[in-house]
*Asks:* 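Submitted below is the structure of interest, expressed as structure tokens.
What you see below is based on every heavy atom in this structure, not just the backbone, and it leaves out hydrogens, waters and symmetry mates. Below, read A as the first sequence line, B as the second, and so on, with proteins coming before strands; counting in each chain starts at 1.
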Protein chains: 2
Amino acid sequence: MKHMARTQGSHSDITGPRVRAAALKLFARGGYAAVSMRAIAAEVGVQAGALYNYTPDKQSLLFDLMSAHMTELLDQTPDGSDADPRAQLHSFVDFHIRFHADRPDEVFIAYMELRNLTEENFARIEALRRQYEDHLEDILRSGVSSGVFNVRDTKIVTLAIIAMLTGVNTWFRAGGRLSLDEVVTQYWDMVRKAVGA
Amino acid sequence: MKHMARTQGSHSDITGPRVRAAALKLFARGGYAAVSMRAIAAEVGVQAGALYNYTPDKQSLLFDLMSAHMTELLDQTPDGSDADPRAQLHSFVDFHIRFHADRPDEVFIAYMELRNLTEENFARIEALRRQYEDHLEDILRSGVSSGVFNVRDTKIVTLAIIAMLTGVNTWFRAGGRLSLDEVVTQYWDMVRKAVGA
DNA sequence: TCATTTAATGAACAATCGTTCAAAAGCAAA
DNA sequence: TTTGCTTTTGAACGATTGTTCATTAAATGA
């Protein structure tokens, strides 16, 4: 047993992700407050008590989902601080739409369940969201200072663009009338015009 | 008693509105599922049982709030089908921002609590929302056909504009850095550019 | 003052909530 | 097979949920 390579009778690495997946699905469908731990357990195919091997409590389950989502969002945000502001903005629009379209449940939760976080957890998620907004605002500012964007208030335009892009999730469905490519094209068209590029 | 002008020992006309106001405030703050009838009663200063003089159940309380909000939204939407599309669109942007900024709690509930409606109530609210969207799309279409707007897909632009405008509610606070007039000016600037007017 | 009507109380209901924990079951190494 | 550890069960806990209802209180009209 010199190395104890793996735990013994462990299903943790199987059940753990399934618990998070079930919580994600049910929270998105019914809302955090309306989903019981027993409902999550039933979705996994397990008794409620077993969930507490994978989360200290219900609140942590919500926070972990939101935190993982925001972290992934920030990690995958294209950097490209070398490119010109217009290309950076295009890249941002493209990324935002595709990233969010791929994760409707995560996005839904991240926007709808903020008020069900404890004060401390809320502050942590808000900090991540702020970081993401700041990234877009930096792009806008550099475009303004180099004269390629015509924007009065970068903060407002930042929030307006993000609201507009995130709104795609309320109606877009894969296999619908429009492909994701077409959606990206049209939203980039609107954003481009709105910033006067 | 020939007319029975009013009910007798009635406080209905006082307590009734207070119940709706309390529900509005608490639903917006904590979410429908997380707010108990006892909490609403406490906000009114009454026992839980008394609420049932004013609503058949909790679900109706939510639906009535959302329904009243959407109806008022539609009633107050500027008509002006005589004006040119550009003026109509400007008027719509102005109205939307001001109407929503005046009613943060109602707007919050109307967007966040849709999933807590029964299937039937959900369909009714969705129909009202659709009506509102159609009104904007009509403006866009008339502008496209008269050549003053340059828009590829009126449906997408409709949803994008509404998402962008409604997003104001997530950050705007009266008495903050920007006045509502300034907000309207800047959003109209973006919308105008985005539709190529 | 008295009779009538309405509004509010406060207890009670069955159900469900998040969470805990001793006991049972499952699995891997010895 | 036995030993040791992990995972799951299933019952139990106190609290809280939406809702009902007989009773009490309050207010009005006569």
Side-chain angles (χ1 to χ4, degrees), chain A residues 1-24 26-27 29-65 113 115-118 121, chain B residues 1-24 26-27 29-65 109 113 115-118 120-121:
Chain A
M1 61 107 95
K2 37 164 42 178
H3 191 256
M4 181 67 81
R6 209 75 190 95
T7 54
Q8 290 191 321
S10 173
H11 289 177
S12 256
D13 48 351
I14 299 173
T15 311
R18 293 187 62 209
V19 168
R20 282 187 290 277
L24 177 72
L26 295 183
F27 286 167
R29 192 188 308 268
Y32 173 78
V35 173
S36 67
M37 293 297 271
R38 284 172 179 81
I40 297 171
E43 175 80 15
V44 176
V46 99
Q47 295 297 319
L51 299 182
Y52 291 85
N53 291 320
Y54 306 101
T55 183
D57 48 37
K58 194 186 177 191
Q59 167 74 203
S60 300
L61 207 42
L62 175 62
F63 174 73
D64 287 346
L65 290 173
E113 304 295 355
R115 63 180 163 194
N116 288 307
L117 292 173
T118 58
N121 285 342
Chain B
M1 60 107 96
K2 36 163 43 177
H3 191 255
M4 181 67 81
R6 210 74 190 97
T7 53
Q8 289 192 321
S10 173
H11 288 178
S12 256
D13 48 351
I14 299 174
T15 311
R18 294 188 62 210
V19 168
R20 283 187 290 276
L24 177 71
L26 295 184
F27 286 167
R29 191 187 308 268
Y32 173 79
V35 173
S36 69
M37 293 299 270
R38 283 171 181 82
I40 298 172
E43 176 81 15
V44 176
V46 98
Q47 295 298 318
L51 298 183
Y52 291 86
N53 291 321
Y54 307 100
T55 182
D57 48 38
K58 195 186 177 190
Q59 166 74 202
S60 300
L61 208 40
L62 175 63
F63 173 73
D64 287 346
L65 290 173
I109 289 175
E113 305 296 356
R115 63 181 163 193
N116 287 308
L117 293 172
T118 58
E120 180 188 324
N121 285 342

*Asks:* Evaluate the side-chain proximity of A:N121 to A:L62: yes if any heavy-atom separation is below 4.5 Å, no if none is.
*Replies:* no
*Asks:* Is a side-chain donor or acceptor of A:E43 paired with a backbone partner of A:A22 at a separation under 3.5 angstrom?
*Replies:* no
*Asks:* Nearest to the side chain of A:S36, which nucleotide is it out of C:dA8, C:dC17, D:dT7?
*Replies:* C:dC17
*Asks:* Taking only nitrogen or oxygen atoms into account, show me every contact under 3.5 Å that the protein makes with nucleotides 19-23 of chain C, one pair per line with its distance.
*Replies:*
{"from": "C:dT19", "atom 1": "OP2", "to": "A:Y52", "atom 2": "OH", "distance (Å)": "2.8"}
{"from": "C:dT19", "atom 1": "OP2", "to": "A:K58", "atom 2": "N", "distance (Å)": "3.0"}
{"from": "C:dT19", "atom 1": "O5'", "to": "A:Y52", "atom 2": "OH", "distance (Å)": "3.3"}
{"from": "C:dT19", "atom 1": "O4", "to": "A:R38", "atom 2": "NH2", "distance (Å)": "3.2"}

*Asks:* Roughly, in whole Å, what's the span from CD1 in B:I14 to P in D:dA26?
*Replies:* 15 Å
*Asks:* Between B:Y54 (OH) and D:dT19 (P), how many Å, whole number?
*Replies:* 17 Å
*Asks:* Check whether any side-chain N or O of B:Q59 sits under 3.5 Å from a backbone N or O of B:T118 as a donor-acceptor pair, and report yes or no.
*Replies:* yes
*Asks:* Can you tell me how far CG of B:L65 sits from CD of B:E113, rounded to the nearest 0.5 angstrom?
*Replies:* 10.5 Å
*Asks:* OP1 or OP2 of D:dT8 sitting under 4.0 Å from any side-chain N/O of A:T15?
*Replies:* yes
*Asks:* Classify A:V35 by what it touches in the nucleic acid, base, sugar-phosphate, or nothing, heavy-atom distance under 4.0 Å.
*Replies:* sugar-phosphate
*Asks:* Just the rounded figure in Å: distance from P of D:dT19 to CG of B:N53.
*Replies:* 14 Å
*Asks:* Which whole-number value in Å describes the distance from B:R18 CZ to C:dA8 P?
*Replies:* 10 Å
*Asks:* Quick one: B:L51 CG to D:dT20 P, roughly how many Å, whole number?
*Replies:* 12 Å
*Asks:* Measure the shortest side-chain to side-chain distance between B:R20 and B:Y54 over non-hydrogen atoms and say whether it is less than 4.5 angstrom.
*Replies:* no
*Asks:* With rounding to the nearest 0.5 angstrom, report the OH to CE distance, B:Y52 to B:M37.
*Replies:* 3.5 Å
